[in-house]
Amino acid sequence: MQPFIKQIIEKKLKNLSSVELLDYAEQYQISITAEQANHIVQFLQSTHLNPLLQSDRMKMFRTLAQITDLNTAKQTQRLFNQLIKQYGVEEWFV
């Protein structure tokens with residue numbers, strides 16, 4: 001993958017606001033509270049995990065399950081997999 005694409009993804013995650021996250025959650029019908037959104041955003045801003053690596057992504061989903069619940073984390077993981085296939089970028093996420 002091009003390094004600049006990785007930077008764009010990382011920058012988006014680091015700069016995501018809780019309001020944006022709540023909007024995305026509503027758009028994709030994933031139920032989270034404002035408090036959970038704040039915790040998720042704090043985690044994303046402070047983590048050094050690489051979302052492009054499967055092992056790091058799994059750690060991120062586990063943290064999401066701790067912040068929300070297992071069902072929400074699984075639903076988010078399914079959505080993630082669906083979106084990367086829809087946009088044809090599976091090879092970016094190893």
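Worth knowing before you read on, the calculation uses all heavy atoms, side chains too, and leaves out hydrogens, waters and symmetry mates.
- With sequence neighbours excluded, the residues that form a side-chain contact (heavy atoms from CB on, under 4.5 Å) with Ala34 are Leu22.
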Show every donor-acceptor pair shorter than 3.5 Å between a side-chain atom in residues 41-54 and any protein atom, with sequence neighbours excluded, or say none if there are none.
from  : atom 1 : to    : atom 2 : distance (Å)
Ser46 : OG     : Gln42 : O      : 3.0
Ser46 : OG     : Phe43 : O      : 3.2
Thr47 : OG1    : Leu49 : N      : 3.1
Asn50 : OD1    : Leu52 : N      : 2.9

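- Taking the side chain to side chain donor-acceptor pair (under 3.5 Å) definition, one finds that Glu10 meets it with Lys6, sequence neighbours left out.
- Separation of atoms NZ (Lys59) and CZ (Arg62) is listed at 7.5 Å; rounding is to 0.5 Å.
- Applying the ring-ring contact (aromatic ring centres under 6.0 Å, His included) definition to pairs two or more places apart or across chains, those involving residues 57-82 are Phe80-Phe93.
- When the salt bridge (Lys or Arg N to Asp or Glu O under 4.0 Å) test is applied to Glu26, no partner is found at least two apart in sequence or on another chain.
- Nearest heavy atom pair, residue Gln29 against residue Gln75, reads O-NE2, 3.0 Å.
- Identified under the ring-ring contact (aromatic ring centres under 6.0 Å, His included) test for residues 3-42, with sequence neighbours left out: none.
- If you chain together hydrophobic residues whose side chains sit under 4.5 Å apart, Ile8 and Leu13 fall into the same group.
- Under the 4.5 Å side-chain heavy-atom criterion for Ile, Leu, Val, Met, Phe, Trp and Tyr, Ile30 and Leu70 are members of distinct hydrophobic clusters.
- The side-chain contact (heavy atoms from CB on, under 4.5 Å) test applied to Ser17 returns Val19, Glu20, not counting sequence neighbours.
- Closest heavy-atom contact between Thr72 and Thr68: CB-OG1, 3.5 Å.
- Atom CD1 of Ile40 is separated from atom OG1 of Thr76 by 7.5 Å, given to the nearest 0.5 angstrom.
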Report the C-alpha distance between Gln77 and Met58 in whole Å, list the side-chain angles of each, state the deciding distance to 0.1 Å, and finish with yes or no for side chain to side chain contact (heavy atoms under 4.5 Å, CB included).
CA-CA 9 Å; Gln77 187 174 12; Met58 296 313 295; 3.4 Å; yes
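- In terms of the salt bridge (Lys or Arg N to Asp or Glu O under 4.0 Å) criterion, Lys14 has no residue partners (sequence neighbours excluded).
- When the shell of 6.0 Å around CD of Glu35 is examined, it contains 12 or fewer heavy atoms from other residues, nucleotides or ligands.
- The side chain to side chain donor-acceptor pair (under 3.5 Å) test applied to Asn38 returns Ser18, not counting sequence neighbours.
- Legend: salt bridge (charged side-chain N to carboxylate O under 4.0 Å, His left out) pairs involving residues 65-87, not counting sequence neighbours: none detected.
- In plain terms, the two heavy atoms of Ala37 and Ile32 that are nearest each other are CB-CD1, 4.0 Å.
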